[in-house]
Structure formats: structure tokens, C-alpha cells
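Numbering of ligands and ligand atoms starts at 1, following listing order. Residue indices begin at 1 and follow the sequence shown.
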Amino acid sequence: MPDDRFHVYDTTLRDGAQQEGLNLTVVDKLAIARHLDGLGVGFIEGGWPGANPKDTEFFRRAQTELDLKHAQLAAFGATRRAGVKAADDPLVAALRESGAPVVTLVAKSHDRHVELALRTTLQENLAMIRDTVSHLRAEGQRVFLDAEHFFDGYASNPAYALEVLRTAAEAGASVIALCDTNGGMLPDELAEVVHAAVQTSARVGIHCHDDTGCAVANTLAAVKAGATHVQGCANGYGERSGNANLFTVVANLQLKRGFDLVPREALADMTRIAHAITEVTNVTPNSHAPYVGVSAFAHKAGLHASAIKVDPNLYQHIDPERVGNDMRMLVSDMAGRASVELKGRELGYELSPEISRELVNRVKDMESKGYTFEAADASFELLLRDTVAGERRRHFEVESWRVIVERTRGGELVSEATVKLHAKGERIVATGEGNGPVNALDRAVRLGLERLYPELAEVELIDFKVRILEGTHGTDAITRVLITSSDATGEWATVGVDENIIEASWQALEQAVTYGLVRAGHAAD
Ligand SMILES: [Zn+2]
């Protein structure tokens, strides 16, 4: 249970997911929630149950699949509709039934938005807030309120904006987060408004967007003015220019202002966590990101180099180790070390020091080639098993595969794959068709092996992510493919890397099938 005096509230899964090009599956969201919990944030806003089926599913699955150590889940939703009782509003019911201990209600605090967007009266808007907050409180949930367009609303009608705060606080909302929804504020003027809001005796939070490049600065200014709840997103994700980067906010407050927000060891893991989340979102990490970017503490050789050797603190604002970064450390090294130490234990393997060392070296070597194990647990476990066994062990051997893509006369693209495999002493030749080459290969492999391993009928390829990685040492760009598969009881992810996208996909696919067989309890040949 986190300290309630100051809240770190993450909204990556709701507001951050609005980022253009970001498309999170439920499995992605669960994975990101685990990472955020690992950082020690207090609250994770999971989405809008009832309004979005994916989010409803997230909350349903979170109850059994998420074992959060620090964070509490918050369900996001709107106040009741005008003219109905909160108790009768189906969207309010979805919040109530989400199982989340906290509900964050978004409400209008800008008079013109109430009249033009909500098309109701200022009085009815206040009644909607009062009724919804008190209803959910009575049902046993904690309620936060996001006061949308608060700063623009305050400029338009300060008395009404403050009335919204008072109404929500009196009805039982424990925090009212002031939202710079359009992201247009600058720190000094924002601080003045926060200061006025704090005078209402409502507990004030802050939610900033980065349209002026000031989201983090605005958040810090709000804290200085009395806000005790900060909202933001992992890696600054969010629509337009993004939301306040929660990692930067947390590091600034904890390391520069002495706040005790997340456990010290978790902060020292922040760089890894920031990168692990980019593996899930499939967004290329910003190497210049404050604190967690690969370049955040990197210095150009030359002028500073010799002085840095004498005293690195002359050229860096903090010791990078405090956020898990390094003056010059490849992300792969870092991820490799952490993966082995953490995941080996997570998977329940007691590794001898020799095996650990060998596994670290293999992981490092593979990560330097572009593999990532942060988001590919199944590939990591296969590698671990092979390392423990001292040899590569598989349930089938691949003689060859081939895939053709044909554009038919009708203009349709169809793919056909043939695989030649050896398993249980048999040679198997199988063909599969699909709407793409990977789909065709997947069908061919499973068709070929299903007779020997009937469990494969349950295995399904559910997600496929491709990332082009820049080549290193003068080589061509390489492609990394992450495949997520599922069976009746869960999901797993595997990774493949090659200059050729189909070869990369094949590697991930072969491991996906192998891991599916391991899960089904089959021993390797
Ligand atoms: Zn927002």
C-alpha cells in the first residue's frame, strides 16, 4: 500500500494509448501495468470500462492475472449523463463493476464546454458530479475527479471552475486533478491557478499535456503550488505532443526535490523499465529522453573525455546509476543483466553461477544483434533451458521451409508455404496457405505437427510486431519480429531477428510452437 500523502498516478493505458500509431492489446496493457507496478507507481489507470470493450476485458482479466505489489488500478469514466440518476446510468455501472478500487471521473469544469459540448446547464453539470461521486463512494470505491479543461475554464469563468472543485470535494472525491487538456499552459500562469485551486481546501492533482513543451515543468510548478497528486505517462506517451513524462516527473521530484515516491531500488531500475515498455508499445525509444535515454549520460569523446575519467560528476547532473542508466552502456547490456537475474528467478530456475554467467553472455551477445528478451519471455526461457541442458533441444528439426507470395489475376495476394520437418523419427512435409507469408508458414508448421502433437490445434498466433532496427558497424538494417501466441490457458511471446523479415518471423514462429509444446508438457527429443 503506497503512502497516500503524495500520489504518482499513471495514465499510460488510457491517455497515453491515445498516441498516434499506438495500438495496445489487452495483453500489452497487462504487461505495461506489471512494469509500472515494478517502478512502484501508486495508481495505474487501466482505461474506460463500459465505453471500450478492450478496457472492460482488461479490468476483468486484471483481477486474476495482475498481482500488483504497489499500484492500485483506477477505472476511468465520465460523470452520469444529464437527466438520469447515477445509479441508473449503465456507464456508471460499468465503473462500479470494474473491480477497480479507484474510479477517476472526468468532468467538465469549463462553462463553455458544459454548454456547447455537454449541452446542459451549469447547474446540471454540478448535479452530475455530485450525484456520480457520491453514488460511487457509497458503493465503496474511492473517487478521483479529472477536471477537464480546467485552466481554460478558469480563464473563462474562475468562479464556476472553482465551484466544480468544491462540489466534487464535498461529494467525496479525494483528489481533483486539474487538467491542462489542451496543453497550452506555461509554468508561471499555471502555478497561479493551482494556487487558487488549493485555497478551496480540495486536494489538488495535476494532469498536463506537452503542447508547449512544458508538461514536466508545469507538473513541477503545480507541485510547488500545492498539488499532491501527479499524473503522467510512461515515456511521455500521449496524443499530439504527448503527456507529461511520468519517469521524468518522478526522477525530478525524487532526486531533485527529495520526495519519497518510489522505492530507491525501483528508481534504479527505471531505465530498464522505460525500455521494456517500449518493447511492448513497439515505439522506438527516444535515445535523448531525460534520465532514461541511452544518450542521457553519454558524452562525446574528446574535450571532456579525460576530465570525465578524473571525476565523472563534473559532467553529469546526477549519478546515472540512481535511475539505472550509465555513462555509456548499451541498453542490451543492461537489459541482458536484468533479464537473467530477474527472469531466471521468476521462472523458478535455480541457476549455478557458471550457468548464470554463460546465460548472461549469450543474452548479451544476442541482444547486441538486435534480440530483445524483455518482451519475449518464452524465447528467454527456451534459451535458459538450452543453457541448462548444455545443448539445443527442440521437439522438431527443420530441414527447410519455403514461402511464395502470389498476386492473383483478381489482384488478391495469397501466400503458400511448404515446410519440411523431422519429429519423432518421421519426416514431415506440409503445406499451408494464408493471407500473408507468416500466416502461411504458421499454418504449414502446425498442420505438419498436429498429428504428432494434437495440442497445437489450440495454439494461435495472436499478435505480430515488426520493428526495423538500424544497422550497426556498417551493416544493413535488421528486422526484429515479436510474435505473441496463445493457447487455452495463456499467452507467450517469442522473438526473431534477421535482415530478412521472413527469416526473422520464422525464428519467432519456430520458438512459439516449441514453447507451446513445452507448455503442453512435452519433453524435447
Ligand atoms: Zn489528458
*Asks:* Would you call the rings of H149 and H113 parallel, tilted or perpendicular, taking 30° and 60° as the class edges?
*Replies:*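 Parallel: the ring planes of H149 and H113 meet at under 30°.
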
*Asks:* Could you tell me whether E57 and R61 have a side-chain N and a carboxylate O separated by less than 4.0 Å?
*Replies:* yes

*Asks:* What N/O/S atom of D15 is the closest to the Zn ion (ligand 1)?
*Replies:* OD2

*Asks:* Do the charged groups of R14 and D55 touch, with an N to O distance under 4.0 Å?
*Replies:*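 No.
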
*Asks:* Taking 2.8 Å as the cut-off, does H209 contribute an N, O or S atom near the Zn ion (ligand 1), distance below it?
*Replies:* yes

*Asks:* Does R130 come within less than 4.0 Å of E163, counting only side-chain N to carboxylate O?
*Replies:* no

*Asks:* Does D146 bring an N, O or S atom to within less than 2.8 Å of the Zn ion (ligand 1)?
*Replies:*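 So D146 does not count as coordinating the Zn ion (ligand 1).
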
